[in-house]
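In what follows, a single structure is set out as structure tokens and then discussed.
Heavy atoms only: backbone and side chains are in, while hydrogens, waters and symmetry mates are out.
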Amino acid sequence: MIAEELFLLLLDNASATPALDNPRRRHVLAAAVLLELAHSCHIRPATAGDPAPEGALLALEAPGPVHPVAAPVWHRLRTRPLKAGTAIKKVGGQTEDLLVAHLEATGAIRRTMLSGSRFRRDYAFPLTDRNRPGAARAALTGALFQRRPPTPSTAAIIAVLHAADGLGALLSLNDRGWRWVHARAGEISAGSWVDEAPSGLAEVNMAVTAAVVRQALSALV
């Protein structure tokens with residue numbers, strides 16, 4: 001799942017805490033879930049002629065199951081189409097909570113309390129296996145620095161982090177490096193990845209949805 005890989009990447013550091021501030025973290029995770037639903041063809045943006053405002057996200061009845069982390073937002077969109085920014089704000093907190101519970105239940109992370117009080121508790125989430133985030137990081141850096149065609153998951157992660165000005169949570173670069181990364185990330189975010197590798201309806205639908213989601217994320221930063 002795209003949001004799983006993104007969250008594991010954000011945890012892959014010495015502190016085992018997410019390397020992106022809240023609320024940006026919750027926004028990008030919610031956006032990643034929306035792109036997951038788009039890639040499985042469970043949502044798409046409304047166009048002229050649809051019974052919803054243009055650009056609002058419509059729920060679709062597509063084959064295959066909906067991931068349990070993505071199910072709440074899909075059911076919400078089935079009830080009423082929402083603009084991407086509204087959907088991101090409404091489900092961001094719930095998405096992160098469900099994602100953490102899912103990763104903990106599947107053994108990808110452990111939850112360790114750092115501090116706690118009556119009103120707030122802070123946790124670290126040590127990774128149980130670095131192979132998965134390691135592979136995701138290699139795919140991300142390969143797409144950005146070596147211009148390898150990104151997978152849909154890698155393209156989605158780059159797109160949402162770029163839109164939220166969050167790539168600095170994963171990369172530490174000099175000015176020249178950032179100029180390169182922003183240019184390449186901009187290409188990928190604009191959908192160039194669809195032309196760089198064989199693609200079909202799922203990839204095109206995700207790229208079209210990503211354009212709407214990126215615009216919403218940029219407005220939330």
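What you find for S40 and L37 is that their closest heavy atoms are OG-O, 3.1 Å. Heavy-atom minimum distance, P152 versus M206: O-CE, 3.1 Å. The nearest pair of heavy atoms linking R111 to F125 is CG-CE2, 3.8 Å. The nearest pair of heavy atoms linking G92 to A30 is CA-CB, 3.9 Å. Across all non-hydrogen atoms, the minimal contact from F145 to W180 is CA-NE1, 3.7 Å. For N13 against L10, the heavy-atom pair with the smallest separation is ND2-O, 3.0 Å.
A salt bridge between R110 and E104 is absent, with no side-chain N of the basic residue lying under 4.0 Å from a carboxylate O of the acidic one. Salt bridge annotation for K83-E54: absent, with no cationic side-chain nitrogen under 4.0 angstrom from a carboxylate oxygen.
Going from atom CG of L8 over to atom CG of D12 covers 8.5 Å, rounded to the nearest 0.5 Å. A distance of 11.5 Å separates CG of L99 from CZ of R26, quoted to the nearest 0.5 Å. Here E36 contributes atom CD and I43 contributes atom CD1; the two are 10.5 Å apart, rounded to the nearest 0.5 Å. For the atom pair T112 OG1 and D122 CG, the distance stands at 12.5 Å (nearest 0.5 Å). Between the CG atom in L34 and the OG1 atom in T209 there is a gap of 8.5 Å [rounded to 0.5 Å]. Considering OG of S199 and CG of N205, their distance stands at 12.0 Å, rounded to 0.5 Å.
When hydrophobic clusters are built by joining Ile, Leu, Val, Met, Phe, Trp and Tyr residues whose side-chain heavy atoms come closer than 4.5 Å, directly or via intermediates, W178 is grouped together with I158. Cluster membership for L201 and L35, using ILVMFWY side-chain heavy atoms within less than 4.5 angstrom, is not shared. There is a path of hydrophobic side-chain contacts, each under 4.5 Å, that joins L57 to V204. At a threshold of 4.5 Å between side-chain heavy atoms, the hydrophobic network of Ile, Leu, Val, Met, Phe, Trp and Tyr places V33 and V212 in two separate groups.
Counting heavy atoms of neighbouring residues, nucleotides and ligands inside a 6.0 Å radius, atom CD of E187 exceeds 12 of them.
When only modelled atom types and interatomic distance are considered, S15 and T17 share a side-chain donor-acceptor pair under 3.5 Å. A donor-acceptor contact under 3.5 angstrom links the side chains of S192 and E196, judged on distance only.
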Donor-acceptor list for residues 66-81 side chains, cut-off 3.5 Å, not counting sequence neighbours:
{"from": "H67", "atom 1": "ND1", "to": "V69", "atom 2": "N", "distance (Å)": "3.1"}
{"from": "H67", "atom 1": "NE2", "to": "E4", "atom 2": "OE2", "distance (Å)": "3.1"}
{"from": "W74", "atom 1": "NE1", "to": "H42", "atom 2": "O", "distance (Å)": "3.2"}
{"from": "W74", "atom 1": "NE1", "to": "L60", "atom 2": "O", "distance (Å)": "3.3"}
{"from": "R78", "atom 1": "NE", "to": "E61", "atom 2": "OE2", "distance (Å)": "3.2"}
{"from": "R78", "atom 1": "NH2", "to": "E61", "atom 2": "OE2", "distance (Å)": "3.2"}
{"from": "T79", "atom 1": "OG1", "to": "H75", "atom 2": "O", "distance (Å)": "3.2"}

Table please: side-chain donor-acceptor pairs of residues 160-177 below 3.5 Å, with sequence neighbours left out.
{"from": "N174", "atom 1": "OD1", "to": "R176", "atom 2": "N", "distance (Å)": "3.3"}
{"from": "N174", "atom 1": "OD1", "to": "G177", "atom 2": "N", "distance (Å)": "2.7"}

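Contact annotation: the side chain of P126 never approaches that of I109 to less than 4.5 Å [non-hydrogen atoms, C-beta and beyond].
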Could you check K90 against L82 for side-chain contact (heavy atoms from CB on, under 4.5 Å), going step by step and ending with a plain yes or no?
CA-CA 10 Å; K90 283 184 176 293; L82 296 172; 4.1 Å; yes
